[in-house]
Amino acid sequence: MPSSIYAGTDLTEHLGELIKLQTNQNVLLFTDKGIEANHLVDPLTAYFKAEGIAYEIEDEIKPEPSYVQVDELLHKVSQYDFGVIVAIGGGSVMDAAKLISLLRGADYTIQDLIKDASIAKKQVPSVMIPTTTGTGSEATINAIVTIPEKQVKFGIVSGSMLPDLVLLDVNNVRKLPKSILAASAVDALSHCVECYTSKNATTFSNDIAAIGARYIFQNIVAAYSEPDNIDAREALLMGAFYGGVAITASGTTAVHALSYPLGGKFHIAHGVSNAILFKQVMAFNKDAITPQLASLADFVFADNNLATADEKADFMIDKIAEIVKAVDIPTDLKQFGVKMEDLDFLIDSALQQTRLLDHNMKVLTRADVEQIYRSVLN
Ligand SMILES: NC(=O)c1ccc[n+]([C@@H]2O[C@H](COP(=O)([O-])OP(=O)(O)OC[C@H]3O[C@@H](n4cnc5c(N)ncnc54)[C@H](O)[C@@H]3O)[C@@H](O)[C@H]2O)c1
Ligand SMILES: [Zn+2]
């Protein structure tokens, strides 16, 4: 877990609790152009100015960054003198910033971390401030990068990248556009449900994943259809954080494994590719995860009035499909230019995601992966 976490509104002044402990109090502020255009950076820079804290802004991070872009970013920021990293943005900004917190001044490169992340050490303390309701990156030990030469995404995993301070400030998601809210919240929901049904699940990860799932299941449609429903948006921000904690304690499974090649080659947004696969993978897994889905149904929808575990598992799978539809995410790959000819690439690439597939309750054969992709290819 990150060592210090605040949730609520107007949390900026808590930055001082970390910054003022550092010998070098200069801040490197990571963000992207979308966040800046929405003025989410302004309260931070106002605070730095008021407190006399020197800062530089780095806003060149592109959505779903590649390891090459992170390497370029590292070279670019080497010109700055900073002792604290503050990242405000979605998973793309936070993942890049988490990697820079390991790479700045280190004697290893990002390519080394892709080969063996156990060598990583925290070089610069970091603060994460999420602005989407999705990745939970502020609580995970993962940073996801695209590997362009393999057209796939890859998770670099190291406990050293956990941030030192997290601010879950609802002000940052008040104006989050509906489509980003939807995709990122379904991503967070898949984190919770995959962790809950993972082979690697523990009592702790189940408790956390169940709370996260309840926040999201009960609020996602309201947050999507009622833009002024701040309580629903706040619940999603909390659910996304819980999803991140659950990932750290347990880990995602086949939804994410099959999703990575879709992000890596076709640049489908992470939340969207997960959403397309979510129901299909859960339906495939159902016979191995019926007790888990049933207990999640009883926790999240206590009044479900269903008699058998089988009915409860079906109910959860239907709920997942219902939510993806209600938030207007496509349910197949038609519009993303993915063709039947791409099937072999997708299958080969997904089968290489052993870090995630090993946690899936059911072993996926080549034929199983093919059947799942075919079901969303049409
Ligand atoms: N580290 C992890 O544990 C983890 C987990 C899941 C996903 N990821 C990674 O995170 C990335 C996706 O992150 P994401 O879904 O948060 O989206 P993102 O960070 O890619 O942002 C998507 C877009 O939304 C805009 N945006 C973000 N917040 C906004 C706001 N409040 N108002 C207006 N615009 C806003 C950004 O400017 C950007 O253009 C992927 O690379 C994915 O692989 C990481
Ligand atoms: Zn995810």
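As the structure lists them, so they are numbered: ligands from 1, and atoms in each ligand from 1.
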Whether K122 and D164 form a salt bridge (side-chain N of Lys/Arg under 4.0 Å from carboxylate O of Asp/Glu) is what I want to check.
yes
Set out, in order, the CA-CA distance, both residues' side-chain angles and the distance that settles side chain to side chain donor-acceptor pair (under 3.5 Å) for Y80 and N26, then state yes or no.
CA-CA 9 Å; Y80 304 129; N26 296 350; over 6 Å; no
Please confirm whether F266 and F336 have ring centers closer than 6.0 angstrom.
no
Does a side-chain N-to-carboxylate-O contact under 4.0 Å join D348 and R366?
yes
Using the ring of each side chain (for Trp, its six-membered ring), is Y260 parallel, tilted or perpendicular to H270, with breaks at 30° and 60°?
tilted
salt_bridge(K319, E322) N-O dist < 4.0 Å:
yes
The Zn ion (ligand 2) neighbourhood, protein N/O/S only, threshold under 2.8 Å:
D187 OD1, H191 NE2, H256 NE2, H270 NE2
Would T133 and S184 count as a side chain to side chain donor-acceptor pair (under 3.5 Å) if you check the C-alpha gap in whole Å, the side-chain angles of each, and the deciding distance to 0.1 Å?
CA-CA 5 Å; T133 50; S184 63; 3.1 Å; yes
Spell out, yes or no, whether V93 and L40 are grouped together once hydrophobic residues are joined by side-chain heavy atoms under 4.5 Å, including indirect joins.
no
Side chains of Y67 and E149, donor plus acceptor under 3.5 Å:
yes
Distances under 3.5 Å, N/O of ligand 1 against N/O of the protein: list each pair and its distance.
residue, atom, partner, partner atom, Å
ligand 1, 1 (N), D95, OD1, 2.8
ligand 1, 1 (N), D95, OD2, 3.3
ligand 1, 1 (N), S137, OG, 3.4
ligand 1, 1 (N), T140, OG1, 3.4
ligand 1, 1 (N), N142, O, 2.8
ligand 1, 3 (O), T140, OG1, 2.7
ligand 1, 13 (O), G91, N, 3.1
ligand 1, 16 (O), G91, N, 2.8
ligand 1, 16 (O), T132, OG1, 2.7
ligand 1, 19 (O), G91, N, 3.2
ligand 1, 19 (O), S92, N, 3.0
ligand 1, 19 (O), S92, OG, 3.4
ligand 1, 20 (O), S92, OG, 2.6
ligand 1, 28 (N), T131, O, 3.4
ligand 1, 28 (N), T131, OG1, 2.8
ligand 1, 31 (N), T131, O, 3.0
ligand 1, 31 (N), N172, O, 3.0
ligand 1, 37 (O), D32, OD1, 2.8
ligand 1, 37 (O), D32, OD2, 3.1
ligand 1, 41 (O), K153, NZ, 3.4
ligand 1, 43 (O), K153, NZ, 2.9

